[in-house]
Q: 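One structure coming up, written as structure tokens, with questions to follow.
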Protein chains: 2
Amino acid sequence: MANTSSADKNSTGARSGPKLEQLLSAASNLMAREGYDQTSIRDVARETGLSLAGMYYYFQSKEDLLYKIQHRTFSSLLDEQEKTISEAGDAEEKLRRLVQNHLSYYTRHFNEMKICTFELQSLKGDRYKNIEKLRRRYFKMAAEIVGEILGPSGNRADRGNDARHYTLFIFGMLNWIFMWFDPKRDAPVEDLGEKLVHLTLHGLHGRRGQKQSRG
Amino acid sequence: MANTSSADKNSTGARSGPKLEQLLSAASNLMAREGYDQTSIRDVARETGLSLAGMYYYFQSKEDLLYKIQHRTFSSLLDEQEKTISEAGDAEEKLRRLVQNHLSYYTRHFNEMKICTFELQSLKGDRYKNIEKLRRRYFKMAAEIVGEILGPSGNRADRGNDARHYTLFIFGMLNWIFMWFDPKRDAPVEDLGEKLVHLTLHGLHGRRGQKQSRG
DNA sequence: TTGCGGTTGGAACAAACGTTCGATAGCTAA
DNA sequence: TTAGCTATCGAACGTTTGTTCCAACCGCAA
């Protein structure tokens with residue numbers, strides 16, 4: 001179940017339902033294209049046909065709008081991941097599922113995910129802390145899988161940092177996809193995910209499909 | 001030598017020298033911390049002691065300021081890379097130098113690099129095109145190295161896309177470092193670069209520390 | 001001294017922004 | 001009908017922003 005804390009007070013009342021979803025969706029679309037700062041509440045209002053003042057019936061502030069997008073998207077992704085990964089077998093399979101789920105979720109909620117990935121720093125105070133908490137939970141989940149694949153630490157001094165670094169490398173590959181992915185050129189994402197997992201496990205030298213013999 | 005085209009008209013006159021460098025440096029510092037949109041020209045002026053109007057003696061516009069930062073930083077990095085890589089031996093060594101140079105430049109010009117990495121989309125028209133051109137040159141340089149490591153293509157259908165994808169994965173790892181790097185925890189960058197190269201070449205399963213002889 | 005071009009600052013402007021206020025419909029329960 | 005709640009609107013306020021104008025300063029050559 002997803003985190004709920006002091007910054008989501010206004011899930012009470014009628015400020016929910018399909019209208020809210022529509023507003024969040026339109027806002028995500030604009031913000032993913034133009035960025036959070038460059039998207040005004042007026043833009044979102046215009047896009048949805050709602051008046052400017054009407055927006056403030058659904059959101060306390062612009063930052064609250066951003067927060068709602070991030071919180072919904074992130075906790076939904078997190079739930080999906082924790083459910084799927086727990087059913088996996090060994091660590092490699094868990095990693096594969098983590099990557100493929102991430103990319104799958106990504107294609108279904110491109111705009112929202114882009115916002116989650118690049119607009120965290122636009123949140124302040126409690127709202128920042130809440131999303132940061134979700135992010136950390138996501139990271140920890142991945143880091144444990146990577147640590148499992150690396151095997152027991154102990155030989156090198158900062159072996160503890162290894163899992164952290166490699167996990168951050170993986171998230172780097174995943175998150176950077178927003179910057180270049182082109183459906184016409186790079187679909188299907190499943191293949192992309194396979195490449196990513198393959199690179200992570202075996203590197204460029206690990207043969208795939210067919211191979212040269214090695215020393 | 002770095003690209004020069006229609007958008008850098010104002011390198012004429014006295015609008016250069018240490019004062020310009022100071023302004024660009026202060027602006028980079030603020031923009032790396034708060035983002036381009038959240039940094040006003042007034043902020044930069046206040047930081048440097050120059051008046052608001054005085055800023056417009058050095059920059060045609062706020063976007064021009066951003067462009068100057070990106071152009072200088074990127075062409076300098078590009079020059080450095082092309083020089084160093086041409087001296088390298090095999091493809092693996094080239095990749096290693098590419099990564100280590102990138103990270104080295106990165107530590108010397110953290111703020112400017114962060115801006116180059118994340119604020120491209122804030123440029124429009126010719127300014128956008130010019131930086132995009134530099135970026136493409138950088139990418140091509142890397143992609144050729146990766147292609148060389150992968151070996152001759154021809155077996156799989158979209159093998160041509162492989163080098164592109166793997167290169168983008170590498171840039172993903174590199175660029176994402178901005179999001180988490182902590183000098184107290186992650187220095188020295190040379191070790192980080194080694195880890196990145198090792199993952200790229202051999203993956204998590206490749207042995208490290210105890211190394212096997214090769215070829 | 002005068003003159004001049006490179007450099008700087010004070011003041012102002014128009015536009016855009018986030019936010020608030022008060023009013024007004026529509027609906028439902030008493 | 002009345003009372004109250006949900007949903008929406010037009011208008012406005014105060015602030016910040018990028019940018020411009022123009023006057024003034026500086027150092028140096030004539």
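Keep in mind the model is a prediction, meaning the values are calculated, not measured. Note on naming: letters A, B, ... go to the chains in the order of the sequence lines (proteins, then strands), and numbering restarts at 1 for each one.
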Q: Check whether any side-chain N or O of B:Lys19 sits under 4.0 Å from OP1 or OP2 of C:dT7, and answer yes or no.
A: no
Q: Run the ring-ring contact (aromatic ring centres under 6.0 Å, His included) test against B:Phe110 and tell me which residues pass, sequence neighbours left out.
A: B:Tyr106, B:Phe178
Q: Only counting residues at least two apart or in another chain, list the ones meeting salt bridge (Lys or Arg N to Asp or Glu O under 4.0 Å) with B:Glu148.
A: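 Applying salt bridge (Lys or Arg N to Asp or Glu O under 4.0 Å) to B:Glu148 gives none.
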Q: So, OP1 or OP2 of C:dT8: does either fall under 4.0 Å of a side-chain N or O from B:Tyr58?
A: yes
Q: For the pair made of OH in A:Tyr57 and C1' in D:dC9, what is the distance, rounded to whole Å?
A: 14 Å
Q: Please say whether more than 12 non-hydrogen atoms of neighbouring residues, nucleotides or ligands are located less than 6.0 Å from CZ in A:Arg185.
A: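 Check fails, neighbour count at 12 or below.
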Q: Provide the full list of ring-ring contact (aromatic ring centres under 6.0 Å, His included) pairs with a residue in residues 78-103 of chain A, sequence neighbours left out, each pair given once.
A: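 Sorted result for residues 78-103 of chain A: A:His102-A:Tyr138.
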Q: Filter on salt bridge (charged side-chain N to carboxylate O under 4.0 Å, His left out), then keep only pairs touching residues 43-55 of chain A, sequence neighbours left out; what's left?
A: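 Of all non-adjacent pairs touching residues 43-55 of chain A, those that pass salt bridge (charged side-chain N to carboxylate O under 4.0 Å, His left out) are A:Asp43-A:Arg46.
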Q: Can you give me every donor-acceptor pair (side chain of residues 19-34 of chain A, partner residue at least two apart or in another chain, under 3.5 Å) with its distance?
A:
from    : atom 1 : to      : atom 2 : distance (Å)
A:Glu21 : OE1    : A:Arg72 : NH1    : 3.1
A:Glu21 : OE2    : A:Arg72 : NH1    : 2.8
A:Ser28 : OG     : A:Leu24 : O      : 2.7

Q: Report the distance from atom CE of A:Met55 to atom P of D:dA11, rounded to the nearest whole Å.
A: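 A:Met55 atom CE is separated from D:dA11 atom P by 20 Å.
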Q: Can you check each nucleotide of nucleotides 12-26 of chain D against protein heavy atoms at under 4.0 Å and return B for base, S for sugar-phosphate only, - for none, in 5' to 3' order?
A: B----BBBBB-----
